[in-house]
J.: 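Sharing a structure here in structure tokens format.
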Amino acid sequence: MKKKSYALFLVLLLAMSTFLAACGGGGNDSKEKAGSGGKGSDKSDNVLNLTETQDIPSMDSALATDTVSFTTLNSTMEGLYRLGKNDEAVDGMADGDPQISEDGKTWTFKLRDAKWSNGEPVTANDFVFAWRKALDPNTAAEYAYIMYDIKNAQAVNEGKMKPEELGVKAVDDKTLEVQLQNPVPYFKELLTFGTFLPQNEKYVKEQGDKYGLEANTTLYNGPFTLDQWKHEDKFVLKKNPEYWDADTVKLNQINTKIVKDTQTDVNLFESGDADLIKLSSEFVDKYRENEGFFTVKESSIFFIRMNQTKSEWLKNVDARKAIAMGFDKKGITDVLLNNGSVVADFFVPEEFAKGPDGKDFRESGDKYLKTNLKEAKKHWEAAKKALGQDTVTLELLNYDDDLSKKVGEYIKEQLEKNLDGLTINLKQQPFKQKLDLETKMDYQLSLGGWGADYLDPMTYLDMYVTGGAHNQQGFSNKEYDKLIQEGKTTLLLEPEKRWEALVKAEKILLEDEAAIAPMYQRSRAYLSNPKLEGVLFHKVGPERSYKWAEFK
Amino acid sequence: MSTEQAEKNVELQKDLFQPAEKQALQSDTISRPSLNFWQDAWLRLKGNKGAIVGLILILLLSFMAIFGPSMNKYTYKEQNIAHAKLPPKIPALANIEWLPFDGKDKDGFDMYKAKNVKEAYWFGTDELGRDLWTRAWYGTRISIYIGLLAAIIDFFIGIAYGGISGFYGGRVDNIMQRVIEILMGIPHLIVVILFILVFEPGIFSITMAMVITGWVNMARIVRGQFLKLKGQEFVLASRTLGASGNRLIWKHLMPNVMGPIIVTTMFTIPSAIFTEAFLSFIGLGIRPPEASLGSLVNDGFKSLQVYPHMLIIPSVIISLLILSFNLLADGLRDALDPKMRK
Amino acid sequence: MAKFVFKRLIYMVITLLIIATLTFFLMKLLPGSPLKNQEKLSPAQQEIILDKYGLNDPLPVQYVHYMANLFKGDLGLSFQYDNRPVSTMIGERIGPSAYLGFQAVVFGTIVGIILGLLAAIRQNSLLDYAATTVAVLGISIPSFVFAGLLQYYFAVKYPIFPVAAWEGFEYTVLPTIALSVFVIATVARYMRSELLEVLSSDYIMLARAKGISSFDIMVKHALRNALIPIITLLGPLAVNIMTGSLVIENIFGIPGIGQQFVRSIMTNDFTVIMGVTLFYSVLFIVVVFIVDILYGVIDPRIRLSGGKK
């Protein structure tokens, strides 16, 4: 008995010494190891190991809403088109470009010969079925609105029309015809979105409630198939030999482990158990020099909402301008985020949408509301005079995750320091509760973010039309409304003019009105096995594509 | 094994003899002044090295919590982003190689020189360039405050509830026990989130959220003690002599229950501090820019491998704090237990 | 005895009903909807979906509906994990948590008893202080810090154990140690004080006076009696630990239920909140019940019909 307890005592001492060792400021040798970029077995088997912070919520393309689902669906299924390099739409199930009618409202697609993983052919009817299903109110699909550009889609979704009246039909097995409500120029890219994926009607009906819940109750037509799915633990993708373009696919297997802790991610990379991980900003300094380190710009814009219905001050345009220009955005991107994120003096992000002239939207648009303390103070004084008050306390609603908390603290300190008489109270709430307060417009200032649904500036700009569902801050400007309305209807066939209108709208939103205070466009820092190549990162829908990835 | 047994036999005989002699002597002469319960407890507490160490640590940490934040020119919320993420530097100790206060980061790189910083931050700075010395001691203050507040409220509710339940027993006890079972069955997190949503997030609502479920433990212990004691001879005797319920509770039961209650209270403090840390971990902790040890540890945790000082300093303080309360509580338990009287 | 058991069973059912009711209404007080894509949906679109799930019905109607399904054994479908039955989710996730928890409780109890024993035998000796300090140190370090350090040192720096995953025994070692620290401390502490109390009681004195060897006294008399309160302690402790620790599961990538539960609350996944709460409550109530029964069996001084301890 004594011996045993002695051994256990030792174990505990060991545990204790761990703690003490850490106090010694330890960890010098970790750096050399970091240089090797994981233990990197030779990887000639082309097996990719990944981590993901959450399990796949849904493999039913109609119900999917999150990046994990969309990324996995993007690997295992294929719509008419898929996102390729630079987020361009490349051929998927569709064989070549669509035929578009004169008025831009009728699109006809030819399908290639492709098979589902059970051997059945992919037909036009699979698309018709899946799209009707997504819009059927009984499905309760949360991304149904993404299809509202299709004729009658909204009416179907609201239950005012039958799903059969949706403007999509299978001319024959290999021909699909789609009627659009408006001739939107970005429809081809939009088709890459997960909600537009096909589903095999017979199979889905056979599986009933179980469709999309398990690896073996789902059908695949993409580069990979979901081979194993241990919920909340890991999921395994295997190369799909039936895929029409199987020769292009180099990876044999993709293992994804669910890991919720960023530190664990890094530890897995260090031990060679993960090939590609997201780095939280704390780790950027440690790995910046690593050859596997890189950053990827995303389409997410973060900004401060200023609610004009809950505060006299925020109704005042000078006060809004003062807040928007009154804090150093560079401090957020360079010190707090530290991951390649860029200062946003705009609302439509950089490297996101190209105009008819082939130039980035940001080249056509200007920079607005740049940090300028002198200007900010001037506007602030003007606001004080106009309101006849010297001090004000505003509440800043915030998310409760660690990074947002830091940003909130920083903004508070900056604004209080730069704008005399301003006090900011931080109110952080769990995500759902924060959304609820915003929907009810029960807040004054709020840190918010917006990511794109499709590759067009409209996905951002139509937020702020008067009474818009996501306006949520009582902003209203007639000219702005008009420009946006035109951009969605009359100007659709005149891309140049439409582009100009959108540029102008953004200018009104920011420079004239300072409706929101843009902070930054998010990037993410990654650490990858240097041998890994060809993983594509996307700005909308799926986060990444593995179709073209391989170990060199 | 047999030698071991023999050893123990020898000891046992010693044990048997010594007290017998002492008692014999003392009963004759009464050389010691008679001590009341608390004096006696204090004597025994003094004899317990662990408890004394704990007590001294608590006093020291409390002193730092009160005066630490005003020992330098920084405030707990003042940011200087140009000075972010600096390692600790104490000029007087900077030349001692093995101490981590030389302003060099974990790779031995002098960050103060690199960033051209003249000031010395004793415990370094955090990601927003706030002085960690001030924040650490300020956080200690908040944590102790939360711990004490939670313990005191638990103390009163727990005694009242547990006392009534235990003293009256029977049907009353039965109903009150079921209520406790229900309270323990409802997930605390829902209650905590609701509290934080309904009331302004802050120290008080966090404390209340912990108390609303935390007092149950105290009530159970008090009840258990009451049940155990009220059947004992001295209570029966008093009851037979016609003592009122009030008298029974305050004169006979309470003093005997005080030991376990105080000990439980002492254990409540560290567990409240930890609960707050856990709430920080899931993002429901104290409202920034306020700090608690829990929120500091949580902030630093992510930087464990990169800026270890951000984690280690608050971790060491929180560990010392918890350790000292636990040591003292352990000592108190031994000291207050009448059966341990030598 | 049979009457007692029957009475308790009825109480248990009533308790459960009340817990379910209270949790249901408290949960509905949480603002916001369980929709996943709430951020992007307009209020009109949200209405369509909420209608479909019956979430726009008056609360009492929803309550009756839920309870009716509950009696049929249907816990409903998750919102966050589209249409996955809650019972399946709990079933899948309780395994790892329970396994790990069990291992941690067993390991922790053994170590705790030994530490407590050593401390009690040599009260106020160096051994006592050492054992107490080890026990106390274990709970003085925040669990996520402790777990993070364990992982960093024993999996990354010195790769003795794997970093994180759920593939086999070697993957459970570090999380078990991290989880058991709390058990060790609690058990060791109780063990020590109970033993001290027992050792100073009259019947031990008598046994000593009779000349029974101290080893026999320890094993046959003291230890057995000191273990009784540990059993009451272990029941709820085991439930707490086996229902999963968010922190440990996060850090070691364990597909357990702790994380699931916290997430369900944060995302208003109503059916999952209810399901896990009920599961937890049943477990807790049953364990307390078993402990009460066991207590009566082990300790003849306690009569079940009267008060427990």
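In what follows, every chain begins at residue 1, and chains take the letters A, B, ... in the order their sequences are listed. Keep in mind the model is a prediction, meaning the values are calculated, not measured.
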J.: Report which part of C/Arg93 has an atom under 4.5 Å of a heavy atom belonging to chain A: side chain, backbone, both, or neither.
T.: side chain
J.: Would C/Ile251 and A/Gln263 count as a side chain to side chain contact (heavy atoms under 4.5 Å, CB included) if you check the C-alpha gap in whole Å, the side-chain angles of each, and the deciding distance to 0.1 Å?
T.: CA-CA 8 Å; C/Ile251 290 174; A/Gln263 200 135 286; over 6 Å; no
J.: Answer with side chain, backbone, both or neither: which region of C/Tyr53 has an atom nearer than 4.5 Å to a non-hydrogen atom of chain A?
T.: side chain
J.: Step by step, would you call C/Met89 with A/Glu232 a side chain to side chain contact (heavy atoms under 4.5 Å, CB included)?
T.: CA-CA 9 Å; C/Met89 282 173 66; A/Glu232 287 292 311; over 6 Å; no
J.: For C/Pro96, which atoms come within 4.5 Å of any heavy atom of chain A: side chain, backbone, both, or neither?
T.: neither
J.: Restricting to non-hydrogen atoms, name the atom on C/Pro255 and the atom on A/His231 that form the minimum distance, rounded to 0.1 Å.
T.: CB-O, 3.9 Å
J.: So which heavy atom on C/Asn268 is nearest to which on A/Gln433, and how close?
T.: OD1-NE2, 4.0 Å
J.: What part of C/Gln46 gets closer than 4.5 Å to chain A, counting heavy atoms only: side chain, backbone, both or neither?
T.: neither
J.: Quick test of your reading: applying salt bridge (charged side-chain N to carboxylate O under 4.0 Å, His left out), list the pairs with at least one residue in residues 105-119 of chain C, sequence neighbours left out, ordered by first then second residue.
T.: none
J.: Can you name the residues that form a side-chain contact (heavy atoms from CB on, under 4.5 Å) with A/Lys234, not counting sequence neighbours?
T.: A/Gln228, A/Lys230, C/Glu167
J.: Begin from the C-alpha positions of A/Ser271 and C/Val163 and carry the test side chain to side chain contact (heavy atoms under 4.5 Å, CB included) through to its verdict.
T.: CA-CA 7 Å; A/Ser271 68; C/Val163 176; 3.3 Å; yes
J.: What do the steps show when you test C/Lys157 against A/Glu270 for side chain to side chain contact (heavy atoms under 4.5 Å, CB included), and what is the final call?
T.: CA-CA 9 Å; C/Lys157 217 165 167 195; A/Glu270 285 281 355; over 6 Å; no
